[in-house]
Participant: 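One structure coming up, written as structure tokens, with questions to follow.
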Amino acid sequence: MNEDWSLAKVKWNCRRGMIELDVILLAFVDQQFLSLEPKIQREFTALLSQEDPDLYAWIMGYGTAPESFAGIISIMKTFIDNRLDA
């Protein structure tokens, strides 16, 4: 994990203005973040600086994320799909 990002700081930055994002992001961090490659962890932490409506649209598939976030968005969509199937 990037030295500038502790797990607590990542979790804090997952707290958003939209409860839907809080639920998705915090579950993802709790269950997946530490097992991600450092490059993908950096993508995720950069993703957290995006606006809530954009972030929600990308994760839910209502919009297309910039190429720089394509990897982490794909991983998150798979995570969500797997949780819904469970």
Side-chain angles (χ1 to χ4, degrees):
M1 181 169 34
N2 185 328
E3 294 172 8
D4 296 335
W5 286 92
S6 69
L7 187 57
K9 187 173 182 178
V10 171
K11 285 184 177 185
W12 177 258
N13 284 290
C14 287
R15 298 181 60 182
R16 312 300 289 213
M18 292 178 65
I19 189 70
E20 297 88 343
L21 282 176
D22 287 3
V23 170
I24 293 167
L25 295 173
L26 287 169
F28 182 80
V29 168
D30 285 341
Q31 297 175 28
Q32 298 290 312
F33 186 78
L34 292 177
S35 66
L36 298 173
E37 297 175 19
K39 175 185 180 282
I40 302 298
Q41 287 179 341
R42 287 189 297 276
E43 279 183 36
F44 182 79
T45 57
L47 184 71
L48 295 177
S49 68
Q50 303 303 301
E51 297 292 325
D52 287 359
D54 294 333
L55 186 52
Y56 186 73
W58 300 336
I59 292 170
M60 299 308 293
Y62 303 139
T64 303
E67 186 63 33
S68 59
F69 297 128
I72 188 61
I73 293 295
S74 176
I75 291 168
M76 292 182 75
K77 284 181 180 180
T78 300
F79 171 76
I80 293 166
D81 289 345
N82 289 340
R83 287 185 51 111
L84 292 175
D85 291 339

Participant: I'd like to check the side-chain contact (heavy atoms from CB on, under 4.5 Å) partners of K11; sequence neighbours left out, ordered by chain and number.
Facilitator: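 Testing K11 for side-chain contact (heavy atoms from CB on, under 4.5 Å), a comparison that skips the adjacent residues, returns L7, L26, V29, D30.
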Participant: Rounded to the nearest 0.5 Å, how far does NZ of K39 lie from CD of E37?
Facilitator: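 Rounded to the nearest 0.5 Å, the CD-NZ separation comes to 8.0 Å.
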Participant: Are W58 and Y62 connected, step by step, through hydrophobic side chains (Ile, Leu, Val, Met, Phe, Trp, Tyr) whose heavy atoms are closer than 4.5 Å?
Facilitator: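 Same cluster: W58 reaches Y62 through Ile, Leu, Val, Met, Phe, Trp or Tyr contacts under 4.5 Å.
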Participant: Show every salt bridge (charged side-chain N to carboxylate O under 4.0 Å, His left out) that has at least one partner inside residues 45-64, sequence neighbours left out.
Facilitator: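 The answer is R16-D52.
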Participant: Let me check something: do V23 and L25 share a hydrophobic cluster, defined by ILVMFWY side-chain heavy atoms less than 4.5 Å apart, either directly or through other members?
Facilitator: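 Cluster IDs for V23 and L25 differ.
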Participant: Give the C-alpha distance, both sets of side-chain angles, the deciding distance and a yes or no for side chain to side chain contact (heavy atoms under 4.5 Å, CB included) between F33 and T45.
Facilitator: CA-CA 10 Å; F33 186 78; T45 57; 4.2 Å; yes
Participant: Please name all residues satisfying ring pair (Phe, Tyr, Trp, His ring centres under 6.0 Å) with Y56, sequence neighbours left out, ordered by chain then number.
Facilitator: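 So Y56 forms no ring pair (Phe, Tyr, Trp, His ring centres under 6.0 Å) with any residue.
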Participant: Quick one: side chains of residues 65-75, donor-acceptor pairs under 3.5 Å with protein atoms, not counting sequence neighbours, listed by atom name and distance.
Facilitator:
none

Participant: Under the side-chain hydrogen bond (donor to acceptor under 3.5 Å, both in side chains) test, which residues partner K77, sequence neighbours left out?
Facilitator: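 side-chain hydrogen bond (donor to acceptor under 3.5 Å, both in side chains) list for K77, sorted by chain: empty.
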Participant: What residues, two or more places apart in sequence or in another chain, satisfy side-chain contact (heavy atoms from CB on, under 4.5 Å) together with I80?
Facilitator: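 Residues passing side-chain contact (heavy atoms from CB on, under 4.5 Å) with I80: I24, I59, L84.
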Participant: Quick one: closest heavy-atom pair of D22 and C14, and the distance?
Facilitator: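 The pair with the smallest heavy-atom distance is OD1-O, 3.4 Å.
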Participant: Go through it in stages, so that I can follow the logic: the residues are M76 and F44, the test is side chain to side chain contact (heavy atoms under 4.5 Å, CB included), and I'd like the CA-CA distance, side-chain angles, deciding distance and then a yes or no.
Facilitator: CA-CA 10 Å; M76 292 182 75; F44 182 79; 3.9 Å; yes
Participant: Hey, does R83 have a side-chain heavy atom less than 4.5 Å from the side chain of Q31?
Facilitator: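 The answer is yes; the side chains approach within 4.5 Å.
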Participant: Considering non-hydrogen atoms only, spot the tightest contact between Q41 and L36 and give its length.
Facilitator: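 Result for this residue pair: NE2-O, 3.6 Å.
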